[in-house]
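Contents: one structure, followed by commentary.
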Number of protein chains: 2
Amino acid sequence: MDQPNRVDSLFIHMFLILFFICLIFVNYIFTFKRQILLIEDGKGKICLIFWKISQIGLAKKLSVKKISLLDISEKLKISKSTISIVLNGRGDEKRVSKETQEKIVKYANEHNYRPNQLARGLSRGKSETIGLIVPNISDTFYSRIARRIERKARLSGYTVVYSSTGESRTRENELIQMMLDRQVDGLIIASTQKNQEDVVRLKNQQFPFVLIDRHYPDVETNFVVVDNAGGTSKAVEQLIKLGKKHIGFVTLKPGLEAIRQRLIGYEETLKKYGLYEGMKNVKELDPDHLDCEMMEAIKSLVQSTHKVDGIVFATHYLTTQGLRELRKLSVKIPHEIAIVSFGQMSFFDLIEPPITSVNQPVEEIGDKAVEILLDNLVEKKLTYDQQYLKTKLEIRKSCGKN
Amino acid sequence: MDQPNRVDSLFIHMFLILFFICLIFVNYIFTFKRQILLIEDGKGKICLIFWKISQIGLAKKLSVKKISLLDISEKLKISKSTISIVLNGRGDEKRVSKETQEKIVKYANEHNYRPNQLARGLSRGKSETIGLIVPNISDTFYSRIARRIERKARLSGYTVVYSSTGESRTRENELIQMMLDRQVDGLIIASTQKNQEDVVRLKNQQFPFVLIDRHYPDVETNFVVVDNAGGTSKAVEQLIKLGKKHIGFVTLKPGLEAIRQRLIGYEETLKKYGLYEGMKNVKELDPDHLDCEMMEAIKSLVQSTHKVDGIVFATHYLTTQGLRELRKLSVKIPHEIAIVSFGQMSFFDLIEPPITSVNQPVEEIGDKAVEILLDNLVEKKLTYDQQYLKTKLEIRKSCGKN
DNA sequence: TTAACATGCCTAACCGGTTTGGCTATTTTG
DNA sequence: CAAAATAGCCAAACCGGTTAGGCATGTTAA
């Protein structure tokens with residue numbers, strides 16, 4: 001009875017020791033969060049490696065599982081490539097059997113598989129994203145365009161990333177760079193027009209982009225702008241039609257091509273009717289000191305000895321600011337002075353008097369821009385698409401309609 | 001003289017043959033656009049492989065070179081990892097010599113190296129992007145918030161991706177999904193409030209997000225909203241202060257918590273002053289048939305036997321539409337009926353009479369939302385940040401100020 | 001009967017970064 | 001003078017997809 005007992009106890013001892021070794025081992029793995037890998041070191045030796053599980057892997061376990069191609073691959077014992085092909089709808093083309101396809105699609109749906117767009121973008125070399133850069137997204141004009149662009153882009157599976165430059169050249173440069181870093185496939189830019197250099201660079205690099213609202217006359221690019229000269233021309237003609245003889249123009253300091261064109265439209269039309277009186281009726285304001293300069297401008301137009309009887313404002317913002325000043329001076333609109341705004345605002349009909357405006361085809365600008373851009377994304381074009389869209393005069397009481 | 005000649009010609013022949021072989025070889029490479037690889041096949045044999053150059057690689061050659069870590073690595077004979085570390089500013093920490101660091105930084109700057117954000121996002125598991133979902137970006141209220149959010153986010157190195165839902169539950173769901181697919185790090189949502197399910201899912205998955213403007217009272221989340229009840233309360237009190245006894249409320253059909261709160265503020269305040277007349281003075285309109293219902297609502301408030309002498313509009317849009325109807329009926333504001341708008345618009349001072357409004361702290365909403373979100377991105381919080389921001393009454397003539 | 005073709009799936013490179021865990025040589029310490 | 005510490009860098013796995021090319025196996029045509 002002695003011998004067997006001793007053997008038994010020896011077994012128990014060994015068993016216990018093994019058990020503890022296992023415990024320590026498992027503990028080690030859990031404590032340091034490592035996974036075990038068997039690896040051949042190249043010289044024929046096999047190594048045991050305790051690989052650290054990445055933190056990302058852990059975070060995912062906490063949240064409800066986001067599954068990846070690899071996960072599906074492991075569960076279904078089907079290679080990643082086959083799964084990728086099937087889920088991209090190229091299963092038939094690549095001769096994957098119906099059975100396998102069904103199995104994959106079923107599993108993917110059940111587990112709510114969603115491809116990681118970063119990974120996809122990285123490997124496909126494109127991100128299905130287009131960048132939109134505007135001076136100020138909180139300006140209704142641009143936000144309406146943005147909305148339109150977003151809607152249209154979505155129909156083709158694109159996402160829009162946007163940013164506002166605040167009319168700063170540096171910001172615009174930074175933003176373009178940032179968007180390129182994010183691998184956007186194309187850009188739609190309402191440029192500050194102080195940044196010809198970047199635009200030329202984009203063009204030289206054959207990067208797809210479309211300028212909207214503002215374009216660089218010296219650079220041949222795609223663009224969608226409105227017929228600015230034609231717009232102010234309509235405005236001036238309307239005032240002339242009402243019998244106004246001395247028509248003022250309140251605009252911004254030159255810098256934007258659009259603004260220049262609006263001035264040209266004003267001048268040419270007045271000349272055509274023999275009513276041009278030189279630059280004395282033209283007030284070019286600095287956007288940075290708008291309030292103060294507007295006051296002076298309006299006073300000068302309204303109270304000088306050669307006072308005007310009509311004013312065209314070059315932007316919707318100038319119109320509202322100008323209107324505030326006109327109110328302060330108790331000018332009677334349209335009897336003393338009739339006004340027309342280049343650019344509409346939704347509330348122009350609510351003001352007393354309702355404001356006549358040259359309306360820009362906002363929706364069309366957005367639509368065209370996206371169309372042109374998408375065309376360019378599909379194939380590199382050798383020609384440039386340049387659109388001048390027509391404006392539409394909406395006549396209200398501020399220029400004499402009853 | 002014979003022998004040497006034969007040897008010479010033999011050399012020349014061999015040389016020519018070799019030369020042609022090389023030519024064919026080079027030609028092959030160029031024609032099929034392959035690059036050559038030496039590869040060990042695992043069984044110890046070395047294989048020569050003609051690897052097809054990927055199309056992406058070719059496209060890059062066409063455009064001005066975008067350089068990658070690998071490019072730098074090859075030129076400088078320094079490993080990718082070292083370069084990555086140095087360019088991320090962790091060179092000192094990781095004990096990379098000053099020399100090497102300088103060399104890398106110099107090269108990177110000279111060649112204008114820019115890391116691919118998709119690749120970085122993929123490997124870091126975050127994209128430095130936040131998603132913004134609003135009902136309608138072309139609504140000034142949201143576009144102003146968007147601008148603010150964008151600015152604030154940029155200061156912390158984040159980009160904003162935005163989209164509009166158009167108040168559609170399905171769209172909202174799709175957009176959230178899309179943004180998750182794009183691996184946004186967090187979301188800011190002005191929800192349609194028909195989508196509690198998704199919000200709960202996000203919450204359960206511990207995904208960082210902040211609701212703005214509209215929150216779900218039944219779900220505990222981060223949010224930034226305004227004190228809606230307090231807002232209408234101020235509006236009603238102002239009307240009462242003017243001696244108005246019968247105050248109407250034009251609002252939207254229930255659905256949004258914010259709208260419900262505004263109604264509560266209206267009711268409670270009237271009750272407090274003993275002026276509550278029940279729901280007959282409350283008009284709840286359907287946004288889908290706003291024009292037509294607004295007409296009826298205004299007629300009913302203005303022309304019935306118990307007509308009101310003051311109206312509070314629950315949103316800025318209702319105010320402008322209501323105003324149009326009031327104009328049609330030639331109602332005198334504020335003498336016959338005084339009005340107050342919940343929500344301001346930039347042009348309210350331009351209208352005749354200028355509109356009194358309950359102003360929402362738009363900038364603050366954006367700022368707070370970003371602050372809270374960024375906090376949550378840095379560390380998972382266990383508590384929720386819930387902000388009720390104060391509104392401010394801006395009194396103008398429409399409710400009796402001179 | 002054998003070559004040619006079709007079927008069905010897999011292997012491994014690749015996109016462009018980040019990060020961990022060494023490895024080697026030099027310097028410091030005992 | 002050996003051991004330990006430090007400096008300085010690298011190799012390779014990894015993120016999660018896409019894609020070209022290839023390899024069995026079965027079928028058909030010559």
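Just so it is clear: chains get the letters A, B, ... in the order the sequence lines come, proteins before strands, and each one is counted from 1. Side chains included, hydrogens not; waters and symmetry mates left out as well; all remaining heavy atoms used.
At whole-Å resolution of the value, CG in A/N116 and C1' in D/dT18 are 13 Å apart. Residue A/K66 contributes atom NZ, which lies 10 Å from atom P of D/dG17 at whole-angstrom precision. Rounded to an integer number of Å, the gap from CD1 of A/I83 to C1' of D/dG17 is 12 Å. If you measure from atom CD of A/Q117 to atom C1' of D/dT18, you get 13 Å, rounded to the nearest angstrom. Atoms CD (B/Q183) and P (D/dC15) sit 13 Å apart, rounded to a whole Å. Rounded to an integer number of Å, the gap from A/I67 CD1 to D/dG17 C1' is 13 Å. Atom NZ of B/K94 and atom P of C/dT18 are 13 Å apart (whole Å). Note: CG (A/D92) to C1' (C/dG8) measures 13 Å, nearest angstrom.
Residue A/T100 places at least one side-chain N or O under 4.0 Å from the OP1 or OP2 atom of C/dC9. Distances shown here put every side-chain N or O of A/T82 at or beyond 4.0 Å from the OP1 or OP2 atom of C/dC9. Checking the phosphate oxygens (OP1, OP2) of D/dC14, no side-chain nitrogen or oxygen of B/R124 falls inside 4.0 Å. Within the 4.0 Å cut-off from OP1 or OP2 of C/dG8, not a single side-chain nitrogen or oxygen of A/S97 is found. Close to D/dA11, at under 4.0 Å from its OP1 or OP2, lies no side-chain N or O of B/S81. Considering only side-chain N and O atoms, A/R120 lies under 4.0 angstrom from the phosphate OP1 or OP2 of D/dT18.
Minimum atom distance to the side chain of B/N88 is reached by C/dT18, of the listed D/dT18, C/dT18, D/dC15. Among C/dT7, C/dT19, D/dC15, the nucleotide with an atom closest to any side-chain atom of B/I85 is C/dT19.
Within 6.0 Å of atom NZ in A/K126, 12 or fewer heavy atoms from other residues, nucleotides or ligands are found, so the atom counts as exposed in its surroundings.
Within residues 69-80 of chain B, the residues approached by DNA chain C to less than 4.0 Å at the level of any non-hydrogen atom are B/L69, B/K80, in residue-number order.
Nearest heavy-atom pair across A/I130 and A/I188 is CD1-CD1, 4.3 Å.
Comment: A/E371 engages A/K152 in a salt bridge, judged by a side-chain N to carboxylate O separation of less than 4.0 angstrom. In this structure, B/E110 pairs ionically with B/K106, as a charged nitrogen and a carboxylate oxygen lie closer than 4.0 Å.
Judged by distance alone, the side chains of A/R171 and A/N195 never bring a donor and an acceptor atom under 3.5 Å apart. The closest side-chain donor-acceptor pair between B/T165 and B/S168, if any, does not fall under 3.5 angstrom. A side-chain donor-acceptor contact under 3.5 Å links B/N173 and B/D198.
With DNA chain C read from its 5' end, the first of the two nearest nucleotides for B/R95 and B/A119 is the one closest to B/A119.
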